[in-house]
Amino acid sequence: MEAPPAAAWQPQEEGFREICGLLEHQISPTSTADKSQIWQQLQHFSQFPDFNNYLAFILSRAEGKSVEIRQAAGLLLKNNLRNAYKTMTPANQQYIKSELLPCLGAADRHIRSTAGTIISVIVQLGGVSGWPELLQAVITCLDSNDLNHMEGAMDALSKICEDIPQVLDSDVPGLSDRPIKIFLPRLFQFFQSPHTSLRKLALGSVNQYIMLMPAALYESMNQYLQSLFALANDQAAEVRKLVCAAFVQLIEVRPSFLEPHLRSVAEYILQVNKDGDDEVALEACEFWSAYCDAQLPPENLREFLPRLIPVLLSNMAYADDDESLAEAEEDESLPDRDQDLKPRFHTSRFHGSDSAEDDDDDIVNVWNLRKCSAAALDILSNVFGDEILPTLMPVVQAKLSASGDESWKDREAAVLALGAVAEGCINGLHPNLSQMVGFLIPLLDDKFPLIRSISCWTISRFSKYIVQESGHQKGYEQFDKVLMALLRRILDSNKRVQEAACSALATLEEEAAEELTPRLEIILQHLMCALGKYQRRNLRIVYDAIGTLADAVGAELNQPAYLEILMPPLIAKWQQLSNSDKDLFPLLECFTSIAQALGAGFSQFAEPVFQRCIAIIHSQQLAKADPVAAGFPYDKEFTVCSLDLLSGLAEGLGSGIESLVSQSNLRDLLLQCCMDDAYDVGQSAFALLGDLARVCTVHLHPRLPEFLNVAVKQLNTPKLKETISVANNACWAIGELAVKVRQEISPIVMTVMSCLVPILQHSEELNNKSLTENSAITLGRLAWVCPELVSPLMEHFMQSWCTALSMIHDDVEKEDAFRGLCAMVRINPSGALSSLVFMCKAIASWHEIRSPELHNEVCQVLNGYKQMLRNGAWDQCMSALEPQVKEKLLKYQV
């Protein structure tokens, strides 16, 4: 396949035939040829410099071949160009581009569309200025009045607008205006085209620019809005959907443009919220949440609520084609398919105050009109509170009282609505809470599984208030009824109900904590029974409910009778799973919670658990180096979950973990993990380093300098914002090591200080409460163990350090930091003079210093300054403090 001179490149007949033959086999469902061999053959051809020319030729000129073969050539060309375009000779690039432009007007829609996709890829790789003929060709086609040409050009343009909108809003050499300014008038013209495809592509293209808001669109905003209103009742559903999408985006990013028209836009959206096409109604429904999220004045929506709320409720009923309806019939005896198992996301261990919030598990589920309507009702209830109840409750009550099997979907939607407004309208619902819960409990036994499952969810949304009421006899009886009813549902034969009941129980457990103790035995029996009968997907949720229970009741779990129920079935599951089975993740997480709850009580189970974690981390490191030899692919999640379980063991067993650590190679494995590039591995590794520093420093000792150096590296990185969670845990671990090894930390103190001081000085930009707090504590701990090194630098950091200290809650870590403060002041009292006001505020931030000797040291520091500052200087300092700060300092005898 050697090419003749590029100017006159022509395909060789033999090469052309061979490639077409391969493509034909590749796409033919009936071909007996080995697909992987064909793939390899095509890869082999890719080595030839003019292979992509052949593909372009087949796409654009192989008239005798089927459209499918030509399309396959185009898609292969697109994939090849992604990797090879920039290294191709200019002549071959030019040939491919010249073959693509005529395809814009091809008679077949598939050829036009494939060419548009490839054109967008080339523009992504080479920009618009690298292809001056393109813009002219697109304009010529748009202005041609020939439907094929207009559609082909519009398709390519819409793909460029979607993939790389910014290239059309930049200056191009040789053009007086930016391309977007040239295209916009033509796009607006197409809004009025009689052809649906052109209206849709043009509107979709302009919508891509709402976020970027180029000057050209800003200046034509009135024309754009008028065009949107003109298209508002277009007969094509996909055009109406794009009109709604435009209004939603405008309200999110440029609400000022819509303000003059807000009433008519809201009125329109309300009408389209009832559109016969669910996708249009869904797009319209997004408007209400977007409006509230943009924190625009709520009063503009108030007049629509009486008409909007019934529409939302009616859209909350399951659609007949909702995939959940078929799933809901699934009995527990049906094994889960692999695609039923949602991806799961383990959050790495984090030391500090603002660790990540748990997101709802719905991320992976399909978003639809029902969920969007429920979300809109939820957010409206948070904005308008009890004000929506007079409109909402009559509709809910009417739906709930509808009897008969045919109206079950309405009853279900009404229960969903109560759960959606549980937070926002709690004040108005609270007086009738016990009647409402009393009404929901029987629904947990309804004959329709989706009513049983939604009732679990709605009850869980009120769990906080159900627990609050349990302080008196009647309230406790109701709490107990809810608990027992949820436990019954955990053993439901329907998978959907099992899942909802387990999740609801976990929520109730979090709220109830030690209130669960009298019922621990029966809860454990139900959960273990579920463990025996659930399929794979729901097992994960049982593990979560067991882990949450352990977190909630803590040491109460450490009773022989409870452990007898809990541990044997869990250990049996633990033994069934291999070290590379992903079903191990939730079980590792569950064991982490149990180890922390049982404390020393876990020691009888600790050895096999500890050794398995070590084995998993070791096997993953082998798989990372050579997956083929390991026999399974590397998956860092195994490492992260195992590190976190080891942290749980260190926290639970305390110094009891020492004998296990001493007989293992954990130290070397941990050092490897601390150096890992993956942020979540590093984050969990440094958490474990800090936990081990607390309980068995002696075993880290032989490699202490290496641990310290790799931890400091995390603080001294230009990418600190990206790796902030790793830096946070590394910073905390340095502090934990410092208080244990004392003077041995001195070689790296200055390096650490050079990282911590800028973090404290720039804490507002970093905007990470945890890293600021941990930096302040670690700095204080270094000052405590090496005051002679740190105190000469006091003037550089006292102000920002004291500000950070004053934000930290009372605890032992804060005590350590203040020991550092006192140690530095003893050596270098003048170092804090210019920051005395800040130091006083930091001292006043204590609720109470528990340690008597630290309390005395702080008294001495303050009194020392009072004696040092003569001639009214002390009083002047005091007068700069707020009255409540002065009052708090009185307990330190100044």
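Quick caveat: nothing in here was measured; it's all calculated off a predicted structure.
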Ring pair (Phe, Tyr, Trp, His ring centres under 6.0 Å) between Phe818 and Trp846, worked out: CA-CA 10 Å; Phe818 272 77; Trp846 279 98; 5.5 Å; yes
Partners meeting side chain to side chain contact (heavy atoms under 4.5 Å, CB included) with Lys624 (sequence neighbours left out): Tyr634, Asp676
Exam field: side chain Asn729 to backbone Gln683, donor-acceptor pair closer than 3.5 Å: yes
Set of ring pair (Phe, Tyr, Trp, His ring centres under 6.0 Å) partners for His855, sequence neighbours left out: Tyr892
Presence of salt bridge, Arg694 and Glu736, under 4.0 angstrom: yes
Salt bridge (charged side-chain N to carboxylate O under 4.0 Å, His left out) partners of Asp816, counting only residues at least two apart: Arg781, Arg819
Exercise: do Glu813 and Trp732 side chains pair donor with acceptor under 3.5 Å: yes
Ser470: side chain to side chain contact (heavy atoms under 4.5 Å, CB included) partners, not counting sequence neighbours: Val467, Tyr476, Phe479, Glu515
Residues that Trp784 engages under ring pair (Phe, Tyr, Trp, His ring centres under 6.0 Å), provided they are two or more places apart: none
Side chain to side chain, Glu252 and Asp293, heavy atoms closer than 4.5 Å: no
Derivation and outcome, ring pair (Phe, Tyr, Trp, His ring centres under 6.0 Å), residues Phe585 and Tyr543: CA-CA 10 Å; Phe585 296 151; Tyr543 291 140; over 10 Å; no
Over all atoms of both residues, closest heavy-atom pair of Ala776 and Leu760: N-CD2, 4.0 Å
Donor-acceptor contact present, side-chain Asn716 to main-chain Val712, <3.5 Å: no
Within-4.5 Å side-chain heavy-atom neighbours: Thr592 and Leu646: no
Asp810: partners by salt bridge (charged side-chain N to carboxylate O under 4.0 Å, His left out), with sequence neighbours left out: none
Asp875 and Lys866 ion-paired at < 4.0 Å: no
Heavy-atom check, side chain of Ser746 versus side chain of Leu789, under 4.5 Å: yes
Backbone N/O of Cys859 and side chain of Asn863: donor-acceptor pair under 3.5 Å: yes
Side chain to side chain, Leu766 and Thr772, heavy atoms closer than 4.5 Å: no
Residue pair His701 / Glu744, side-chain donor-acceptor N/O under 3.5 Å: yes
Side-chain ion pair, Arg850 and Glu815, N-O less than 4.0 Å: no
Salt bridge Glu773-Lys769, side-chain N to carboxylate O under 4.0 Å: yes
